[in-house]
2 protein chains.
Amino acid sequence: MLQDSDWRYKFFTKRTMGTILTNPATTIAEKLQQKFDSLTRAERQLANSLLDNYPVSGLTSITTVAQNADVSTPTVARMVQKLGFSGYPEFQSALRGELEARISNPIAKHDNWATTAPETHILNRFADAVIENVRQTLGQLDPVEFDGACTMLADKERSVYIVGGRITRALADYMFTHLQVAREKVTLIPSNSNTWPHYVLDMQAGDALVVFDVRRYEHDILKLAELAKERGVEIILFTDQWSSPVSKFATYRFNCRIEVPSAWDSSTATMLIVETMIASVQDRTWNITSDRMEALEKLFDRTKLFRKFI
Amino acid sequence: MLQDSDWRYKFFTKRTMGTILTNPATTIAEKLQQKFDSLTRAERQLANSLLDNYPVSGLTSITTVAQNADVSTPTVARMVQKLGFSGYPEFQSALRGELEARISNPIAKHDNWATTAPETHILNRFADAVIENVRQTLGQLDPVEFDGACTMLADKERSVYIVGGRITRALADYMFTHLQVAREKVTLIPSNSNTWPHYVLDMQAGDALVVFDVRRYEHDILKLAELAKERGVEIILFTDQWSSPVSKFATYRFNCRIEVPSAWDSSTATMLIVETMIASVQDRTWNITSDRMEALEKLFDRTKLFRKFI
DNA sequence: TATTATCTGTAAAATATGTTGCAAGACAGT
DNA sequence: ACTGTCTTGCAACATATTTTACAGATAATA
């Protein structure tokens, strides 16, 4: 029966626990608790002080830490060495590392996106970068501003104009296509800036102008924004983290992160914000939008442009 | 003496800043975002670096912070003073204070994308859906196929044609704009299908046709794909999870998830794949692409289309 | 284009921080 | 009580950090 081997069981258990407890102390807090028994009086005082409000309390200078724990500075220096760090700076750096891991979004350290591809495959590296862009963009985005812009775009009294630059033209086009379904009085300003004055001519005070401008910021777009602003047009700006100069004319500004491992910039995070904004506008104008969608369906049927498959 | 006007200057400065500050900046992150416009180039760089991995990145020495942001140490010292702190140590102490509040707060709000918006805000719901789309899309994507398509698009012997539908036209446009920089012989087929036969006429066996087709699948695009296929053109298809009928002519097919909480479909996941593909193609054609980019820069300079700000 | 104002990095000074040697103090075992 | 060992803080030293002064660079303006 088990009785006989019982002592062995306990023995091995102890051994096992011993190895667990001596080796893989992942966090400094664990290390402190583990070594607590072997610590001296002053060191225990210090350890308690550190664990209290961990890990922030350890992020001040060694002097301050010592004062908070009511021990001398050398005691701190000696104890962190006991913990296996070369010195206080290294200890602190480890603390920061822990904190970072704890703070950062769990999505960010998703295993692999393309599960059958290696971690270093561009699919995974690119996806990582884009998700990080999304995280940062949304983290910095003010929901009140966002809602404000949506309300403005949902206001059927205002005409809406949309303009993009060399790269962002595609985003402008995309937004236009969807907003056009949601409401009337939406105009896509073409990329040829020669014709822009004609569009400005039609703009009324209170109209909305959606501007896409990321680096390299385009001079003509700045001029257009200025002219529009002078006519009392409200400007909604989509730009990058460095902010287009159009900012100074903008009522609402959205900074989207665009950095990816490539020679140019990513529009995916911006696209996400644009899509969310379209969705939100459609929600607000739903009584109108649903009618328009239905009418659109009928038009499609009559032009036979689309056919239902499957 | 300057003293008199100095006082006024400060007073008005304060007033002006006061209006900006009406929504009180509680955190340093908010302060940074609020003051972003009044910051200089190096300071913006620094602000971005600080917001990146906020607030942990600000808990190192001023030297390290400067290095991470690629600015000089004094720039950091000056900016924290601009933010209203007496010096770097005070700034850091404020950061620690925030962190403490955030850490000790039992409500972990790291789950939300837009941290200041409620979970049910469309920003969070939409982001959740899109990230899930990305996850699923990449999970199902075959890296070998992906690499195959990239190699094909990087082959400078082949001409590349790109075509999109009503909604996906923007994606086609986007891909075209970038591929055109990377290599020659890239053509965007316009959305008006009347002109399509002319394009088919030019297609040679071995050329590549990138087709975007998501629901509602478009009849004309299917026809175009069929004609192209008959001429020996290789087709790369971007479609949704239900697959466009173009599949049967396609050499490579990429199914992208498109479902979001709205009346229409999201293109963000598709955009991500497209961008990754462009990045990969550029990698493969880098010796050519870098030359083209340089030439393009020079052309920009000569046309004065873009101006460098700040 | 020249001029002015502003920005930004280098370098050095001022200050704070971290480390180590040393002696006084605490404590356990004889 | 004595002895030896271990612990602890003081103080000096070495090092790193923060600040300040200055000059070159850059952008804005006329």
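Per chain, numbering begins at 1; letters A, B, ... match sequence-line order. The model shown is predicted, which means the values in this text are computed figures rather than measured ones.
Distance CZ (B/R44) to P (C/dC7): 11 Å, rounded to an integer number of Å. Between the CD atom of B/E43 and the C1' atom of C/dC7 there is a distance of 9 Å, given to the nearest Å. Per the geometry, CZ belonging to A/R78 stands 8 Å off C1' belonging to D/dG9, to the nearest Å. The distance from atom CG of B/L46 to atom P of C/dG9 is 10 Å, rounded to the nearest whole Å. We find that CD1 of B/I62 is positioned 18 Å from P of C/dA14, with the value rounded to whole Å. Taking atom CG on A/L59 and atom P on C/dT17, their separation rounds to 14 Å, with Å as the unit. Distance CG (A/L39) to P (D/dC6): 16 Å, rounded to an integer number of Å. The distance between atom CE of B/M79 and atom C1' of C/dT8, rounded to the nearest whole Å, is 14 Å.
The pair A/R135-A/E132 meets the salt-bridge criterion, since a charged nitrogen lies less than 4.0 angstrom from a carboxylate oxygen.
Counting non-hydrogen atoms under 4.0 angstrom, A/Q81 reaches the backbone sugars and phosphates but no base.
Using cut-offs of 30° and 60° for the angle between ring planes, the A/W264 and B/Y174 rings count as perpendicular. The aromatic rings of A/F85 and A/F91 stand perpendicular to each other, their planes meeting at an angle above 60°, with 30° marking the opposite boundary.
Side-chain N/O atoms of A/S61 include one lying less than 4.0 angstrom from OP1 or OP2 on C/dT17. Here A/T40 reaches the OP1 or OP2 of D/dT8: one of its side-chain N or O atoms lies under 4.0 Å away.
When distances are taken from the side chain of A/P74 to each of C/dG9, D/dC10, C/dG18, the shortest belongs to D/dC10. Among the nucleotides D/dT17, C/dT8, C/dT19, the one closest to the side chain of B/T63 is D/dT17. Taking only side-chain atoms of B/T73, from C-beta outward, the nucleotide of C/dG18, D/dT17, D/dT19 with the closest atom is D/dT19. Distance from the side chain of A/S72 is smallest for D/dG9 among the nucleotides D/dT18, D/dG9, C/dT10.
Screening A/L188, A/V200, A/D202 for a side chain to side chain contact (heavy atoms under 4.5 Å, CB included) with A/Y161, the sole residue that qualifies is A/D202.
Heavy-atom distances to DNA chain C give each of B/T75 and A/G87 a nearest nucleotide, and the one nearer the 5′ end belongs to B/T75.
At least one test fails for B/K31 against the ring of B/F36: distance under 6.0 Å to the centre or angle within 45° of the axis.
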